[in-house]
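Quick notes on the structure that follows.
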Amino acid sequence: MREDVLPASGTRYAAHRHAVPQHASLRHAATQHASTQHASTQHASTQHAATRQHPAPNPERLPNGGTFRPGARSNRLPEPSLAFIRRAIGPGSVEVPATPQPLQLTDTSPLRHWPERERPRERLLRHGAAALSDAELLAILLRTGNRGQSAVALAKQLLADSGTSLSRLLTTEPEQLMRMDGLGPARATTLAVVVELARRVLVEKMEDSILINSPEIVKEYLGITLRGLAREVFVVIFLNAQHRLIRADQLFAGTLAQTPVFPREVVKRALELNAAAVILAHNHPSGLPTPSEADRILTRTLQTALGHVDVRVLDHIIVAGGQHHSFSVHGEL
């Protein structure tokens, strides 16, 4: 008897003349493997038969609209409704989310929170400036409001403080504007610039027109220049021989009720500009355009003084708020 060692496993075995040859051992192992496969096949067949005898039940319809099939790899499960969750978990177990309420626009809401179609700037671009109210146009100039107050609300407040008069607000001097709540130097100067630009546009119109034939342009210019001022001022419009504009000067300024006017200064300025005619004008801060007796006397005095140097007085216009009084129209020259 002798012992050998298998090269791969190192297992010892006894070899003698009655030992089973190596190829016989391999046949025995193959036979055992085949038996194992046969048993597995019989087990699978048994499972298949059981499946055929007991078919899958019909899909179950879930209360929330889904389907459930036992044994299926995936089932269609829609998003559960709130009612279905309540039935499954029990009443009182689910917090109902609050429905978002639409934004209530108030005068305290900043413009950036307004719907885009409601913002003044977007409305102007979509519909034109004529579609906006005075407050909305002012809000565009102001750009922002104050704490707890939108730009539109601030504009409404400024108009209310000015007696709802846009012209009175815009022609108020910057020093007085800065005393109003919500207006600092930047906003006050912005409003003053707007008025000055409008005045210069009207000056260009007067330069291109024969003013004796365009009284409305003169009234517009005087309105934007004199309306809303807190004190009386006296303006003289100097014209050439063709009644075209040479220059419009504010020569005198006074108090709330009167303005000192010196005829000699008016004559001197007319000669300096080589004027052939003038239009006189002043304002009444009281809001009443009716001329006083002092206004009539001053008009006649200036007519006489300027007549000595061949300068005609074409008209004397009194501006009061949105009203005008023309001496020429009323036959008082």
Side-chain angles (χ1 to χ4, degrees), residues 134 158-177 179-180 188 191-192 194-196 198-200 202-203 205-206 211-212 214-239 245 247-267 269-270 277-306 312-333:
D134 292 346
L158 294 175
L159 286 172
D161 294 342
S162 302
T164 67
S165 173
L166 180 62
S167 60
R168 180 178 299 175
L169 173 64
L170 292 179
T171 54
T172 301
E173 297 178 357
E175 294 79 8
Q176 294 178 339
L177 287 175
R179 299 191 188 104
M180 302 177 70
L191 297 182
V194 171
V195 175
E196 180 60 22
R199 190 189 67 81
R200 295 187 184 189
L202 291 174
V203 168
K205 287 184 178 181
M206 289 195 300
L211 296 187
I212 194 65
S214 307
E216 292 303 319
I217 296 179
V218 177
K219 292 178 181 179
E220 288 180 11
Y221 170 79
L222 294 174
I224 201 170
T225 303
L226 302 177
R227 188 183 302 136
L229 297 180
R231 57 179 180 170
E232 281 196 10
V233 297
F234 193 87
V235 173
V236 181
I237 300 175
F238 298 96
L239 309 176
L245 178 67
R247 188 178 178 88
D249 285 345
Q250 178 182 311
L251 295 183
F252 310 102
T255 63
L256 178 65
Q258 61 181 358
T259 303
V261 176
F262 302 99
R264 186 179 64 176
E265 296 297 325
V266 177
V267 172
R269 187 60 172 159
V278 296
I279 296 176
L280 310 174
H282 76 281
N283 64 316
H284 280 180
S286 63
L288 298 176
T290 305
S292 64
E293 185 59 30
D295 294 334
R296 294 187 174 92
I297 293 174
L298 174 64
T299 303
R300 291 193 292 267
T301 301
L302 289 174
Q303 268 189 302
T304 302
L306 290 168
R312 292 181 56 201
V313 176
L314 300 181
D315 202 351
H316 186 180
I317 299 174
I318 299 175
V319 178
Q323 299 177 304
H324 302 79
H325 179 89
S326 169
F327 277 66
S328 176
V329 171
H330 288 82
E332 297 175 298
L333 284 179

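When reading the values below, keep in mind they use all heavy atoms of this one structure, side chains included, and skip hydrogens, waters and symmetry mates. Throughout, numbering of the chain's residues begins at 1 and tracks the sequence. Being a predicted model, the structure only gives us computed values, none of them experimental.
Between the side chain of T259 and the backbone N or O of A253 there is no donor-acceptor pair closer than 3.5 Å. Of the possible polar contacts, one joining the T304 side chain to the R300 backbone as a donor-acceptor pair under 3.5 Å is found.
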Inset, instruction - Take T255 and R231, measure what side-chain contact (heavy atoms from CB on, under 4.5 Å) needs, and give me the verdict at the end. - result: CA-CA 5 Å; T255 63; R231 57 179 180 170; 5.8 Å; no

Inset, instruction - Run the numbers on E196 and R200 for salt bridge (charged side-chain N to carboxylate O under 4.0 Å, His left out), then give the verdict. - result: CA-CA 6 Å; E196 180 60 22; R200 295 187 184 189; 2.8 Å; yes

Legend entry - Candidate pair L251 and V235, rule side-chain contact (heavy atoms from CB on, under 4.5 Å), full reasoning: CA-CA 6 Å; L251 295 183; V235 173; over 6 Å; no

Inset, instruction - Decide yes or no on side-chain contact (heavy atoms from CB on, under 4.5 Å) for I317 and L280, but give the supporting numbers first. - result: CA-CA 6 Å; I317 299 174; L280 310 174; over 6 Å; no

Inset, instruction - Take V267 and L306 through the side-chain contact (heavy atoms from CB on, under 4.5 Å) test and state the conclusion after the steps. - result: CA-CA 6 Å; V267 172; L306 290 168; 3.8 Å; yes

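The salt bridge (Lys or Arg N to Asp or Glu O under 4.0 Å) analysis of residues 313-326, with sequence neighbours excluded, yields no pairs.
Put simply, the side chain of L239 does not reach to within 4.5 Å of the side chain of V278, judged on heavy atoms. Between I318 and F327, some side-chain heavy-atom pair lies under the 4.5 Å cut-off. A heavy-atom distance below 4.5 Å is found between the side chains of L191 and L177. The shortest distance between side-chain heavy atoms of F252 and E265 falls below 4.5 Å.
Distance check: Q303 CD to L314 CG gives 10.0 Å after rounding to the nearest 0.5 Å. In this structure, NE2 in H316 is found 5.0 Å from CZ in F234, a value given to the nearest 0.5 Å. Here the CD1-CE distance, from I217 to M206, works out to 8.5 Å after rounding to the nearest 0.5 Å. For the atom pair CZ of R312 and CD1 of I279, the computed distance is 10.5 Å after rounding to the nearest 0.5 Å. Separation of atoms CG (L166) and CG (L158) is listed at 11.0 Å; rounding is to 0.5 Å. Taking OH of Y221 as the reference point, atom CG of L245 lies at 7.5 Å (rounded to 0.5 Å).
For E332, the side chain to side chain donor-acceptor pair (under 3.5 Å) partners at least two apart in sequence or on another chain are R296, H325. Under the rule for a ring pair (Phe, Tyr, Trp, His ring centres under 6.0 Å), F238 has no partner lying at least two apart in sequence or in another chain. Under the side chain to side chain donor-acceptor pair (under 3.5 Å) criterion, H324 pairs with no residue, sequence neighbours left out. Qualifying side chain to side chain donor-acceptor pair (under 3.5 Å) partners for R269, counting only residues two or more places apart in sequence or in other chains: D249, E272.
When every heavy atom of L333 is checked against every heavy atom of V313, the shortest pair comes out as CD1-O, 3.9 Å. Listed here is the closest heavy atom pair of L222 and V319: CB-CG2, 4.0 Å. Contact between N283 and V233 at its shortest, heavy atoms only, is OD1-N, 2.7 Å. Across M180 and S162, no two heavy atoms sit closer than the pair CE-OG, 3.9 Å. Between V195 and L170 the shortest heavy-atom distance is CG2-O, 2.7 Å.
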Please tabulate, for side-chain N and O atoms in residues 284-293, each donor-acceptor pair with protein atoms closer than 3.5 Å (sequence neighbours left out).
unit_1, atom_1, unit_2, atom_2, d
H284, ND1, L288, O, 2.8
H284, NE2, H282, NE2, 3.2
H284, NE2, D295, OD2, 3.1
S292, OG, D295, N, 3.3
S292, OG, D295, OD2, 3.2

